[in-house]
Amino acid sequence: MRKRRSSPTGADGLFAERVFAIVRQIPPGRVTTYGRIARAAGARRSARMVGWLLHHAPPDVAAVAHRVVNRHGDLTGGWAWGHPAVMRALLEHEGVTFVDEFRVDLARHLWDPQSDLDDDA
DNA sequence: AACATGACGGTAG
DNA sequence: TCTACCGCCATGT
């Protein structure tokens, strides 16, 4: 039964692949959290792994990784772009509003990977 | 093998 | 609202 591991980087690839697929589905102008992604992907490694995976994500995923923030909406991974201001600029460019210098308005832009049935539609 | 660290999250004070 | 502590999993030293 559920004996996975034995592979680096969640390398079954299952969890990682799952996370990357979800991130790629985040619609522009929307944001989601590490925890939401972890939960939608079957968070066995916890949300911390999501952040770790994003740091090791392929170019196509990194291209939309700015839409992933922590549970408070803070741009904790902003330094991956050299400075959080860069990440903020990318989000604002998509219409995302902020409630603080580096905190997005989750109440208004939060997107849940398990609820991709709403919004736009 | 052990300890410290990290793009996190939840609960408790 | 903010700080502190614990749990989770992989990496680097």
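First the proteins, then the strands, lettered A, B, ... as listed; each starts at 1.
- When the C1' atom of C:dC2 is taken as reference, atom CZ of A:Arg103 falls 11 Å away, rounded to whole Å.
- When the P atom of C:dT1 is taken as reference, atom NE2 of A:His72 falls 10 Å away, rounded to whole Å.
- In this structure, CH2 of A:Trp81 is placed 8 Å from C1' of B:dA7, rounded to the nearest angstrom.
- At distances below 3.5 Å, not a single donor-acceptor pair connects side-chain atoms of A:Asp100 with backbone N or O atoms of A:Arg103.
- Formation of a donor-acceptor pair under 3.5 Å by the A:Thr32 side chain with backbone atoms of A:Trp111 is found in this model.
- Remark: C1' of B:dA7 and CE of A:Met87 are 8 Å apart, rounded to the nearest angstrom.
- Remark: A:His55 pairs with no residue by the ring-ring contact (aromatic ring centres under 6.0 Å, His included) rule, at least two apart or across chains.
- When the nucleotides B:dA7, C:dC8, B:dG9 are ranked by their closest atom to the side chain of A:Ser46, C:dC8 comes out on top.
- Within 4.0 Å of A:Ala65, counting heavy atoms only, lies at least one base atom of the nucleic acid.
- Atom pair A:Asp74:CG and B:dA7:C1' shows a separation of 12 Å (rounding to whole Å applied).
- When rounded to the nearest whole Å, the span between CZ of A:Phe15 and C1' of C:dC8 equals 10 Å.
- Set against B:dA7, B:dG9, C:dA10, the side chain of A:Met49 has C:dA10 as its closest nucleotide.
- Atom-to-atom, OH of A:Tyr34 to P of B:dG6 comes out at 14 Å; the value is rounded to the nearest Å.
- One interatomic measurement links the two molecules: CZ of A:Arg71 to C1' of C:dC2, which rounds to 12 Å at whole-angstrom precision.
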Could you walk me through whether A:His66 and A:Glu94 pass the side chain to side chain donor-acceptor pair (under 3.5 Å) test, one step at a time? CA-CA 11 Å; A:His66 59 275; A:Glu94 298 183 347; 3.0 Å; yes
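- Relative to the side chain of A:Trp52, the nucleotides C:dT11, B:dG10, B:dA7 differ in distance, and C:dT11 lies closest.
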